[in-house]
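Data first, discussion second: the structure below is written as structure tokens.
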Amino acid sequence: MAHQILYSEKYNDDKYEYRHVTLPADIAKLLPKDKLLTEQEWRSLGVQQSRGWVHYAIHNPERHILLFRRELPQQKSIH
């Protein structure tokens, strides 16, 4: 059985929406060292998600977990 890419539920703070993506070992070994991935790079690894997500941090103890975020839409204030 092929290993699958696992996607977390989305969570957010006041500015960003976040999610993490867990790569199986056979894909994780293809990750470059100490470099954030561009959208083209993470898509080429098989990660599939809507536009706007940015790989924003590397957690060295668990490099196979990619940390993503995207800005929340601006709330229009009504006065």
Side-chain angles (χ1 to χ4, degrees):
M1 178 185 214
H3 294 127
Q4 294 185 10
I5 296 173
L6 302 175
Y7 300 85
S8 74
E9 293 295 321
K10 297 171 192 167
Y11 47 99
N12 63 277
D13 60 19
D14 292 340
K15 188 171 181 179
Y16 294 101
E17 181 175 35
Y18 300 91
R19 82 172 340 163
H20 56 273
V21 176
T22 304
L23 301 176
D26 59 328
I27 296 174
K29 69 182 178 185
L30 303 173
L31 289 173
K33 300 279 186 203
D34 301 321
K35 178 187 176 302
L36 295 174
L37 302 178
T38 66
E39 182 174 349
Q40 182 179 359
E41 290 170 327
W42 54 258
R43 285 192 187 280
S44 72
L45 293 172
V47 176
Q48 297 179 0
Q49 50 190 353
S50 57
R51 293 178 187 236
W53 290 100
V54 175
H55 180 218
Y56 76 97
I58 297 170
H59 181 56
N60 279 322
E62 297 180 309
R63 297 185 54 78
H64 66 288
I65 300 176
L66 304 180
L67 304 172
F68 289 94
R69 72 179 179 191
R70 67 178 171 185
E71 283 195 48
L72 291 171
Q74 295 292 330
Q75 298 293 329
K76 292 183 180 180
S77 60
I78 301 172
H79 297 302

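The basis for the numbers below is simple: all heavy atoms, side chains too, and nothing from hydrogens, waters or symmetry mates.
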- Query: Is the backbone of Gln49 close enough, under 3.5 Å, to the side chain of Arg43 for a donor and an acceptor to pair up by distance?
  - Reply: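 Looks like yes, one N/O pair under 3.5 Å.
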
- Donor-acceptor pair, Arg19 side chain versus Ser8 backbone, under 3.5 Å?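 A pair under 3.5 Å: yes.
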
- Message: Restricting to ring-ring contact (aromatic ring centres under 6.0 Å, His included), what partner residues turn up for Tyr7, sequence neighbours left out?
- Response: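 Partners of Tyr7 under the ring-ring contact (aromatic ring centres under 6.0 Å, His included) test: none.
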
To the closest 0.5 Å, what do you measure between [atom1] ([X]) and [atom2] ([Y])?
X     : Y     : atom1 : atom2 : result
Lys33 : Arg63 : NZ    : CZ    : 6.0 Å
Glu9  : His20 : CD    : NE2   : 9.5 Å
Gln4  : Ile27 : CD    : CD1   : 10.0 Å

- Message: When you group the ILVMFWY residues by side-chain heavy-atom contacts below 4.5 Å and let the links chain together, are Leu36 and Tyr56 in the same group?
- Response: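 Looking at the clustering, Leu36 is in a separate group from Tyr56.
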
Contact summary for [X] and [Y], nearest pair of heavy atoms:
X     : Y     : result
Pro24 : Ile5  : CD-CG1, 3.9 Å
His55 : Phe68 : N-CD2, 3.6 Å
Trp53 : Trp42 : O-CZ2, 3.6 Å
Glu17 : Asn12 : CA-CB, 3.8 Å
Asp26 : Leu30 : O-CG, 4.0 Å

- Over 60° means perpendicular and under 30° means parallel, so classify the ring planes of Tyr18 and Tyr11, tilted if in between.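 It falls in the parallel class, under 30°.
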
- Message: side-chain contact (heavy atoms from CB on, under 4.5 Å) for Glu41 and Lys35? Distances and angles first, verdict last.
- Response: CA-CA 11 Å; Glu41 290 170 327; Lys35 178 187 176 302; 2.7 Å; yes

- Query: Just one of Asn60, Ile65, Leu66 clears the side chain to side chain contact (heavy atoms under 4.5 Å, CB included) bar with Glu62, so which one?
  - Reply: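 The side chain to side chain contact (heavy atoms under 4.5 Å, CB included) with Glu62 is passed solely by Ile65 among Asn60, Ile65, Leu66.
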
- Query: With respect to Leu37, which candidate in Ile58, Leu31, Val54, Val47 satisfies the side chain to side chain contact (heavy atoms under 4.5 Å, CB included) definition?
  - Reply: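 The single option meeting the side chain to side chain contact (heavy atoms under 4.5 Å, CB included) with Leu37 is Leu31.
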
